[in-house]
Amino acid sequence: MAQKPSIPKGTRDFSPEEVSRRNYIINTLRHNFELFGFQPIETPSFENSSTLMGKYGDEGDRLIFKILNSGDYLSKVSEENYAAKDSNALTSEISEKALRYDLTVPFARYVVQHQNEIEFPFKRYQIQPVWRADRPQKGRFREFFQCDADAVGSQSLLQEVTFVQLYDAVFTDLGLKGTTVKMNNRKILSGLAETIGASDKLIDFTVALDKLDKIGEEGVITEMLSKGITAEAIERVKPIFKVSGSFAEKLSVLKELLADSETGKQGIEELQYINEKIEALGLKTVTLDLDVTLARGLNYYTGAIFEVAAPKGVQMGSIGGGGRYDDLTSIFGSNQPLSGVGISFGLDRIYLVLEELNLFPEQAIKGTRLLFLNFGENEALYCLKAVQSLREAGITAELYPDSAKMKKQMSHADKRNINFVVLAGTQEMADGVYTLKNMKTGEQQSLNLQALIKAIS
RNA sequence: GUGGUUGUAGCUCAGUUGGUUAGAGCGCUUGAUUGUGGUUCAAGAGGUCGUCGGUUCGAGACCGAUCUUCCACCCCA
């Protein structure tokens, strides 16, 4: 088979077992989302390019999959751009649509577009695939699922508290112990940049800071220097490299550092509020931690920033993230800025973590319980009657479609992990019974239909 | 987008400094066993060595391009 068919890089096929296990995670998520009062919506897999472009930064724009216009798109291209081979300028002329890059921006678009029909505060969840033209790596795909829960129309910090509880509820249900929800606040990062006189370099500052656990203090300093942040400024923020201890202890270090920054102090107050409420409420399996170096997704977060780290010992990037965004809707021309806050679960990565830790429950894979062996036309009909009754009783049952050799039918049941087979030939038909065989123990018993249903339920 | 890495049977992998007809294990098919799967034994099927091009008398092996895998960077779920 020289030319084996293939799928694009970074995409995957899912086997029946994989789909079952993915559904197990999705069902757990959906159950908790609804328990917390979130309502489902769905949006198209592709949007107008103008909806997506410019919302994720330059890097994000590069990673958005663009959809080629239909028809003779080259004929409409401007001569200058074509002659200059200016790909960037040409892109907007030959592509007007793009694949969804995340679920947050389409949600913001949805809220603005339907603002008159929506009852606020609006809490929605959304479980759909997103696409990124990234280069694949461990836990990084070009097509993957995001599972988002967002709440818009309320500035209350109780929303943030709720999202921490939601993370706790989900990971507890999945049996995933030892996850850490790391929190930070955009206002603290702004405050830090402000205190050291580098407000104009906020993004460079935070991106470098974010790499602390990866490249170490020296690496961060080198990167900051290369971005034009002065050595004097870096000296002033050095305490945050070594901040440690409890959530409250870290906050007090920050309080000193940010004493002169109104924005910074506000960020501290917000985090303090959330932490106090969580401490009063308690968490089941998740640990809430303050991580000043957390700085992902800054292009639209304005307040709280969340990121979920997998349990220690599992090599995996973050398995969830989120934050508060105050002005995302204004980008789409909302007359009144709607504050939103939300979190995302990385389904594909959670899957990899659960698999690595062997945490999928056996009943996550539900298959056929009962296979009727086929001995011929008359026997098949006799069996189908029983199959029908079993299905009505809610038992997954099926008949082998061909009257193949018993060995073949038995090993079929074996390979599909079906625990019971029924043998019904002329003798059983004459007696009005079915021979039930347990494939694990080899035990067999002769039962009438009622007894059969009873034995299997 | 940058750097590295991988590709041989359905799967996991051997294949020496380039040399006849490319191998193993597992899986698959058939039989031993016409109403009993897993175990055992026997036989069999299955490959244009990712693709295209080049070097050579000769390429699975060497070179180039391309696709793919995995990893690091950028960035990110």
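The sequence lines fix the lettering, A, B, ..., with proteins before strands; numbering per chain opens at 1.
Distance check on atom C1': B:G27 versus B:G10 gives 7 Å, rounded to whole Å. For the C1' atom pair drawn from B:C13 and B:G53, the interatomic distance equals 29 Å after rounding to whole Å. Between the C1' atoms of B:G47 and B:G31, the separation comes to 26 Å (whole Å). Rounded to whole Å, the separation between the P atoms of B:G7 and B:G15 comes to 11 Å. Of the P atoms belonging to B:G50 and B:C11, the separation is 13 Å, rounded to the nearest Å. The same atom, C1', is picked in B:G18 and in B:G60; the two are 10 Å apart, to the nearest Å. Between B:U39 and B:C28, the distance separating the two P atoms is 9 Å to the nearest Å. Using atom C1' as the reference point in both B:U33 and B:G38, the two lie 15 Å apart (nearest Å).
Of the charged side-chain nitrogens involved, none lies within less than 4.0 Å of a carboxylate oxygen, so that A:Arg100 and A:Glu47 do not count as a salt-bridged pair.
Other residues, nucleotides and ligands contribute at most 12 non-hydrogen atoms within 6.0 Å of the CD atom of A:Gln427.
A donor-acceptor contact under 3.5 Å links the side chain of A:Arg135 to the base of B:G3. For A:Arg140 and B:C75, a side-chain-to-base donor-acceptor distance below 3.5 Å is present, hydrogens and geometry of angles not being considered. Between the side chain of A:Glu428 and the base of B:G35, at least one donor-acceptor pair of N or O atoms lies under 3.5 Å. Contact of A:Gln444 with B:U36 (side chain to base): a donor-acceptor pair of N or O atoms is detected under 3.5 Å.
Toward the 5′ end of RNA chain B lies the nearest nucleotide of A:Gln427, the other residue of the pair A:Gln427 and A:Phe144 mapping further downstream. Across the interface with RNA chain B, nearest-nucleotide mapping of A:Ile7 and A:Phe375 shows A:Phe375 to be the residue nearer the 5′ end.
Between A:Lys407 and B:U30 there is no side-chain N or O to OP1 or OP2 distance below 4.0 Å. Look at A:Gln137 and you'll find a side-chain N or O under 4.0 angstrom from OP1 or OP2 of B:A72. One finds a side-chain N or O of A:Lys211 lying less than 4.0 angstrom from the OP1 or OP2 phosphate oxygen of B:C75. Contact annotation: A:Lys437 does not reach the phosphate of B:U36 (side-chain N/O to OP1 or OP2, under 4.0 Å).
Picking from B:G37, B:C76, B:G35 the nucleotide with the shortest atom distance to the side chain of A:Arg132 gives B:C76.
The OH atom of A:Tyr167 sits 10 Å away from the P atom of B:A77 (whole-angstrom rounding). The separation between A:Trp131 atom CH2 and B:C76 atom C1' is 17 Å, rounded to whole Å. Taking atom OH of residue A:Tyr101 and atom C1' of nucleotide B:C76, one finds them 6 Å apart after rounding to whole Å. Rounded to whole angstrom, the span from the CG atom of A:Leu209 across to the C1' atom of B:C75 amounts to 16 Å.
When each of A:Glu356, A:Arg22, A:Arg21 is paired with A:Tyr351, the side chain to side chain donor-acceptor pair (under 3.5 Å) condition holds for A:Arg21 and for no other.
As the counterpart of B:G1, B:C73 is assigned, both hydrogen-bonding distances of the Watson-Crick or G-U wobble pattern falling under 3.5 Å. The base-pairing partner of B:C26, taking Watson-Crick or G-U wobble contacts with both distances under 3.5 Å, is B:G10. Applying the Watson-Crick and G-U wobble criteria (two distances, each under 3.5 Å), B:G64 pairs with B:C52. If you check B:G31 for Watson-Crick or wobble pairing at under 3.5 angstrom, you find it paired to B:C41.
Within the cation-pi definition used here (under 6.0 Å to the ring centroid, within 45° of the axis), A:Arg132 does not qualify as a partner of A:Phe144. Cation-pi geometry between A:Arg12 and A:Phe141 is met: the NZ or CZ atom falls under 6.0 Å from the ring centre, inside 45° of the normal.
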For the pair A:Asp61 and A:Lys55, evaluate salt bridge (charged side-chain N to carboxylate O under 4.0 Å, His left out) and give the outcome as yes or no after the intermediate values.
CA-CA 8 Å; A:Asp61 282 358; A:Lys55 307 297 192 299; over 6 Å; no

Would A:Asn32 and A:Leu166 count as a side chain to side chain contact (heavy atoms under 4.5 Å, CB included) if you check the C-alpha gap in whole Å, the side-chain angles of each, and the deciding distance to 0.1 Å?
CA-CA 7 Å; A:Asn32 279 292; A:Leu166 178 55; 4.0 Å; yes

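A:Gln146 comes within 4.0 angstrom of the backbone, heavy atoms only, and of no base. Across all strands shown, A:Gly442 has heavy atoms under 4.0 Å from base atoms, whether or not it also approaches the sugar-phosphate.
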